[in-house]
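The structure appears below as structure tokens.
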Amino acid sequence: MFAFLSALLAAGTGPDLTQVTAPITDLLLTVFNVAIPVVGALGAIFCIFLGVKLAKADEQQDREKAKTALKNAIIGFALIFILVVALRIGIDIMADWANQVTASALF
């Protein structure tokens, strides 16, 4: 066993981990492709609901609560959407980095 590892170390080749990471990245890409429209749709529906609640508010205190809730919902959904898109874009970069770090750490 140690002779095999020594031979690989001397040859300067590391393990090819793309066979391990490829199914994981494919699964994550599929999940992110589904998550982007779902988050957008849920955000739009919730913001419409809060907008209607703001329009129906009779008292000033209720209007302020609804306005704050609407503002927080818009900010929250925007952040979630941006993070999902950023992860969707960066998944290949992170997989390549993980393969490089693992291969250099092992050998």
Side-chain angles (χ1 to χ4, degrees):
M1 178 71 175
F2 291 115
F4 174 71
L5 292 175
S6 299
L8 281 177
L9 188 60
T13 60
D16 183 22
L17 298 178
T18 55
Q19 294 174 352
V20 175
T21 59
I24 296 169
T25 56
D26 290 342
L27 175 68
L28 288 175
L29 290 175
T30 304
V31 169
F32 289 142
N33 286 339
V34 172
I36 291 171
V38 168
V39 167
L42 288 176
I45 291 169
F46 192 63
C47 287
I48 289 170
F49 172 74
L50 289 175
V52 169
K53 189 174 178 180
L54 176 63
K56 285 185 172 184
D58 291 332
E59 297 180 14
Q60 183 65 25
Q61 184 180 6
D62 292 337
R63 270 192 213 126
E64 289 300 321
K65 284 182 182 180
K67 190 187 302 184
T68 303
L70 182 60
K71 182 175 62 172
N72 290 339
I74 291 171
I75 292 170
F77 279 111
L79 285 174
I80 291 170
F81 187 78
I82 289 169
L83 289 175
V84 168
V85 170
L87 283 173
R88 168 65 179 92
I89 293 170
I91 193 73
D92 291 328
I93 297 167
M94 289 186 282
D96 292 340
W97 174 78
N99 286 335
Q100 290 174 354
V101 167
T102 306
S104 64
L106 292 176
F107 293 98

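Residue indices begin at 1 and follow the sequence shown.
A pairwise comparison of heavy atoms in Val38 and Val34 identifies CG2-O, 3.2 Å as the closest pair. When every heavy atom of Ala95 is checked against every heavy atom of Thr25, the shortest pair comes out as CB-CG2, 3.5 Å. Closest approach of Leu50 to Ala73, counting heavy atoms only: CD1-CB, 3.6 Å.
With rounding to the nearest 0.5 Å, the separation of CD1 in Ile74 from CG in Leu79 is 12.0 Å. The structure places CD1 of Ile36 at 7.0 Å from CZ of Arg88, a figure rounded to the nearest 0.5 Å. Remark: Cys47 SG to Leu70 CG distance equals 5.5 Å, nearest 0.5 Å. A distance of 5.0 Å separates CE of Met94 from CG of Leu87, quoted to the nearest 0.5 Å. Taking CD of Gln60 as the start and NZ of Lys65 as the end, the distance is 12.5 Å to the nearest 0.5 Å. Note that the CG atom of Leu27 and the CZ atom of Phe32 stand 9.5 Å from one another [nearest 0.5 Å].
A chain of hydrophobic side-chain contacts below 4.5 Å, direct or via other Ile, Leu, Val, Met, Phe, Trp or Tyr residues, connects Ile80 to Val85. A continuous path of hydrophobic side-chain contacts links Leu29 to Phe81 [ILVMFWY only; heavy atoms under 4.5 Å]. Trp97 and Ile93 fall into different hydrophobic clusters, defined by Ile, Leu, Val, Met, Phe, Trp and Tyr side-chain heavy atoms under 4.5 Å apart, directly or through other members. Taking hydrophobic clusters as Ile, Leu, Val, Met, Phe, Trp and Tyr residues chained together by side-chain heavy-atom distances below 4.5 Å, Val52 does not share a cluster with Phe46.
Within 6.0 Å of CZ in Phe77 there are more than 12 heavy atoms belonging to other residues, nucleotides or ligands.
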(Q) What verdict does the side-chain contact (heavy atoms from CB on, under 4.5 Å) test give for Lys56 and Asp62, after you've listed the backbone C-alpha separation in whole Å, the side-chain angles of each residue and the deciding distance to 0.1 Å? (A) CA-CA 9 Å; Lys56 285 185 172 184; Asp62 292 337; over 6 Å; no
